[in-house]
Number of protein chains: 2
Amino acid sequence: MARSASGRPVTIIEVAKQAGVSISTVSRVMNGNHHVDPEIAGRVRAVAAELRYSASPLARSLVLGRTQRVAIMVPDLENPTFQSVLRGLTRAAAKDNYHVLVADSLETAGEETTLASEARRCCDAIVLCAPRMPEDQLRALLPELAPVVLINRESPYVLAPTLTADYEAGIQPLARHLHQLGHRRIAYLEGNPDSASNTQRLSGLARFGAEHPDADVIGIPCGVTFEHGHAAADAVIASGATGVLGFNDLVAMGLLSALNERGVRVPEQLSLTGFDDIPFAKYMTPPLTTASVPVVELGEEAWKRLHALLSGEKPDHDLSFRPRIEVRGSTGPAPAP
Amino acid sequence: MARSASGRPVTIIEVAKQAGVSISTVSRVMNGNHHVDPEIAGRVRAVAAELRYSASPLARSLVLGRTQRVAIMVPDLENPTFQSVLRGLTRAAAKDNYHVLVADSLETAGEETTLASEARRCCDAIVLCAPRMPEDQLRALLPELAPVVLINRESPYVLAPTLTADYEAGIQPLARHLHQLGHRRIAYLEGNPDSASNTQRLSGLARFGAEHPDADVIGIPCGVTFEHGHAAADAVIASGATGVLGFNDLVAMGLLSALNERGVRVPEQLSLTGFDDIPFAKYMTPPLTTASVPVVELGEEAWKRLHALLSGEKPDHDLSFRPRIEVRGSTGPAPAP
DNA sequence: GTGAAAGCGCTAACAA
DNA sequence: TTGTTAGCGCTTTCAC
């Protein structure tokens with residue numbers, strides 16, 4: 001884009017004038033319409049290039065009814081998980097010439113509806129990432145948000161493509177891994193009690209418990225951040241557990257740091273696992289045993305479905321990613337009793 | 001927003017019809033113009049609420065010449081530094097009812113110009129975060145991008161508000177800290193040679209070297225990611241340095257991880273510092289000594305200036321944040337020779 | 001193959 | 001105080 005003499009961006013009218021044609025012809029040329037005399041088309045292109053003209057996306061959006069832009073709402077832009085989803089979405093969308101608009105709800109469920117509606121209105125579609133709002137609200141909202149894709153939030157009545165990580169399935173190999181190492185008293189650091197992903201982990205652990213009657217799984221209220229994990233250290237130690245399943249990597253890392261301060265050695269005295277496999281997990285000391293969730297792919301798959309929806313095609317099937325266990329140095333044999 | 005019977009969003013015309021007034025009156029009411037009969041205004045509001053009408057942002061953008069949206073271009077959405085800048089910007093802008101559009105250049109300097117121009121065109125302003133493009137290109141681009149704010153890229157001829165971290169000043173206390181601990185042979189893991197922030201660190205180190213003739217500072221080509229730091233381990237060990245200044249925290253963490261694998265103890269055998277103080281730094285084992293850069297604030301201050309520019313006000317002065325040294329466990333006395 | 005003209009949905013100047 | 005109307009910059013019928 002360049003500015004014309006008036007200081008404002010060059011418009012189609014100026015190009016038309018300079019090229020001695022009508023604006024429709026310019027429009028046709030710019031949009032690659034082939035029913036234009038090649039010689040004229042060349043002239044128009046030359047003028048457009050000289051004036052550094054490109055059509056106003058605003059005006060195009062209005063008349064075409066699409067913006068080439070999608071929104072994503074996340075609960076917390078500080079969380080590496082959502083950052084990765086954003087990244088996956090942004091990069092995939094960019095390949096199809098779409099831009100991404102970010103909306104951060106700051107974990108305030110009350111604002112989500114307004115925020116999503118508003119973000120959606122200036123875009124062609126929206127991705128809802130782990131929305132916290134109550135089920136009935138979500139259900140009421142979805143129709144007016146369409147096209148919409150849901151990430152990490154299943155809803156029994158969803159009418160939208162849904163992508164999830166299977167936390168219930170994912171946490172079981174972690175627990176079994178500790179069990180195989182001889183741990184019998186295992187603590188689970190709980191996340192946000194309202195979140196679906198915490199509930200899923202709990203049912204995974206219930207299943208593990210049923211299969212391993214010799215194991216004790218103790219729930220310890222904790223949270224989802226470094227600080228939460230750090231603060232849970234005393235409760236963990238008091239619990240007498242020899243193995244700890246953190247709600248996520250952040251919690252595990254916070255706990256690890258607190259254990260270090262207290263001189264508790266990992267994994268010699270205590271084994272510890274995280275969840276998500278954020279980029280930092282494998283660089284911890286010791287590297288964190290965790291379950292890897294392909295969050296970037298979650299974003300990419302979301303784009304695929306959005307793109308299909310926008311093209312009037314049928315989106316691919318819903319997907320539930322099975323987390324893959326990554327055994328690293330933070331877990332080891334249970335200490336002799 | 002709701003859809004009318006036609007399936008398309010409700011427009012101002014339908015509201016006007018239902019309320020028995022002209023569209024201008026509806027427009028006035030929706031925009032809080034007080035020169036409207038209170039009774040009529042009430043009726044309009046009632047109809048608007050019933051129809052769940054809200055004005056099309058697209059149409060408003062076109063006629064008002066503003067989108068209530070700003071863009072940010074970052075070199076790499078994977079880097080915690082840029083994630084934090086994005087977060088600061090997004091949250092600050094949200095308070096003023098602005099949205100943020102993300103453009104990730106994937107570290108390809110060649111694409112930056114196009115990407116920035118395009119992103120800018122569907123927004124009211126743009127933030128350029130550490131652009132990699134050559135000086136002359138940047139200078140040519142800035143006028144057409146205005147209003148624009150630069151982050152971490154000074155340009156001798158800039159006509160745009162600029163926010164930076166003072167890497168030259170920031171690295172010196174880190175080097176002095178190592179010196180005070182008795183380190184005399186100090187390695188610096190270099191970042192991208194083209195980046196301004198690497199050059200600045202180098203001049204800071206040159207100054208340190210001049211003030212401390214008894215110290216040897218050895219540059220080691222490295223990079224900016226975990227992997228780069230990890231790969232530099234052998235070169236670091238071969239250098240015989242007892243203290244290492246990583247280009248940033250990522251590099252330091254990567255190196256730390258590699259040192260662990262090799263059984264080199266930090267800080268007993270080797271002291272190590274990072275740069276940036278990303279959220280993970282203090283949870284490393286040992287916690288990383290680093291220089292903290294207030295990246296979220298960088299994003300917030302960028303918004304302040306953008307907002308001023310958009311309001312036709314004079315933006316605040318340029319700012320250079322002086323990094324603050326955070327002494328933690330990764331540095332200690334130099335081992336006896 | 002080309003141009004004139006009708007919108008896309010809205011705001012704001014101008015009239016009444 | 002209210003309505004009429006001219007755009008914002010573009011695409012797309014519809015005549016020619």
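Reminder, nothing fancy here: chain letters follow the sequence lines and each chain counts from 1. Heavy atoms only: backbone and side chains are in, while hydrogens, waters and symmetry mates are out.
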Checklist entry - For A/Ser56, which contact category applies under a 4.0 Å heavy-atom criterion: base, sugar-phosphate, or nothing? => result sugar-phosphate

Item to check | B/Glu14 CD - C/dG9 P separation (whole Å) | outcome: 9 Å

Checklist entry - With a 3.5 Å cut-off and no angle check, do the side chains of A/Arg132 and A/Ser105 form a donor-acceptor pair? => result no

Checklist entry - Charged N to carboxylate O under 4.0 angstrom, A/Glu301 versus A/Arg305? => result yes

Checklist entry - Separation of A/Asn31 atom CG from D/dT11 atom P, in whole Å? => result 5 Å

Next on the checklist: Between the base of C/dA12 and the side chain of B/Ser27, is one N or O donor paired with an acceptor at under 3.5 angstrom?
Outcome noted: no

May I have the list of side-chain donor-acceptor pairs in residues 309-318 of chain A shorter than 3.5 Å, sequence neighbours left out?
unit_1: A/Ser311; atom_1: OG; unit_2: A/His307; atom_2: O; d: 2.7
unit_1: A/Asp318; atom_1: OD1; unit_2: A/Thr162; atom_2: N; d: 3.0

Checklist entry - For A/His35 and C/dG3, what is the distance between atoms NE2 and P respectively, to the nearest whole Å? => result 16 Å

Next on the checklist: So, does A/Arg60 get its side chain near the phosphate of D/dT11, meaning an N or O under 4.0 Å from OP1 or OP2?
Outcome noted: yes

Checklist outcome for this item: In whole angstroms, the gap separating C1' of C/dT2 from CD1 of A/Ile23 amounts to 13 Å

Checklist outcome for this item: DNA chain D nearest-nucleotide lookup for B/Arg28 and B/Leu62: closer to the 5′ end is B/Arg28

Item to check | B/His34 NE2 to D/dT2 C1', straight-line distance once rounded to whole Å | outcome: 17 Å

Checklist entry - How large an angle, rounded to 10°, do the end axes of the helix from C/dG1-D/dC16 to C/dA16-D/dT1 enclose when each is built from five base pairs? => result 50°

Checklist entry - Ignoring hydrogens and angles, does a donor from either the side chain of A/Ser24 or the base of D/dT11 sit under 3.5 Å from an acceptor on the other? => result no

Checklist entry - Could you give the CD1-to-P distance, from B/Ile13 to D/dT4, as a whole number of Å? => result 13 Å

Next on the checklist: Regarding A/Ile40, tell me which of base, sugar-phosphate or nothing describes its non-hydrogen contacts under 4.0 Å with the strands shown.
Outcome noted: sugar-phosphate

Item to check | Sugar-phosphate only, base, or nothing, as touched by A/Val63 at under 4.0 Å among non-hydrogen atoms | outcome: base

Checklist entry - Does a side-chain N-to-carboxylate-O contact under 4.0 Å join B/Asp104 and A/Lys95? => result no

Item to check | Heavy-atom pair with the smallest gap, counting every atom of A/Phe321 and A/Glu297 | outcome: CE2-OE1, 3.5 Å

Item to check | Minimum-distance nucleotide (side-chain atoms of A/Thr25 versus D/dC10, D/dT1, C/dT2) | outcome: C/dT2

Item to check | Rounded distance (Å) that lies between atom C1' of D/dG9 and atom CZ of B/Arg66 | outcome: 18 Å

Checklist entry - What integer distance in Å separates B/Met30:CE from C/dA12:P? => result 14 Å

Item to check | Any B/Asn152 side-chain heavy atom under 4.5 Å of B/Ser197 side chain | outcome: no

Item to check | 5'-most by nearest nucleotide on DNA chain C - A/Asp37 or B/Ile12 | outcome: A/Asp37

Next on the checklist: Strictly below 4.0 Å, N to O, side chains only: are A/Arg87 and A/Glu300 in salt-bridge contact?
Outcome noted: no

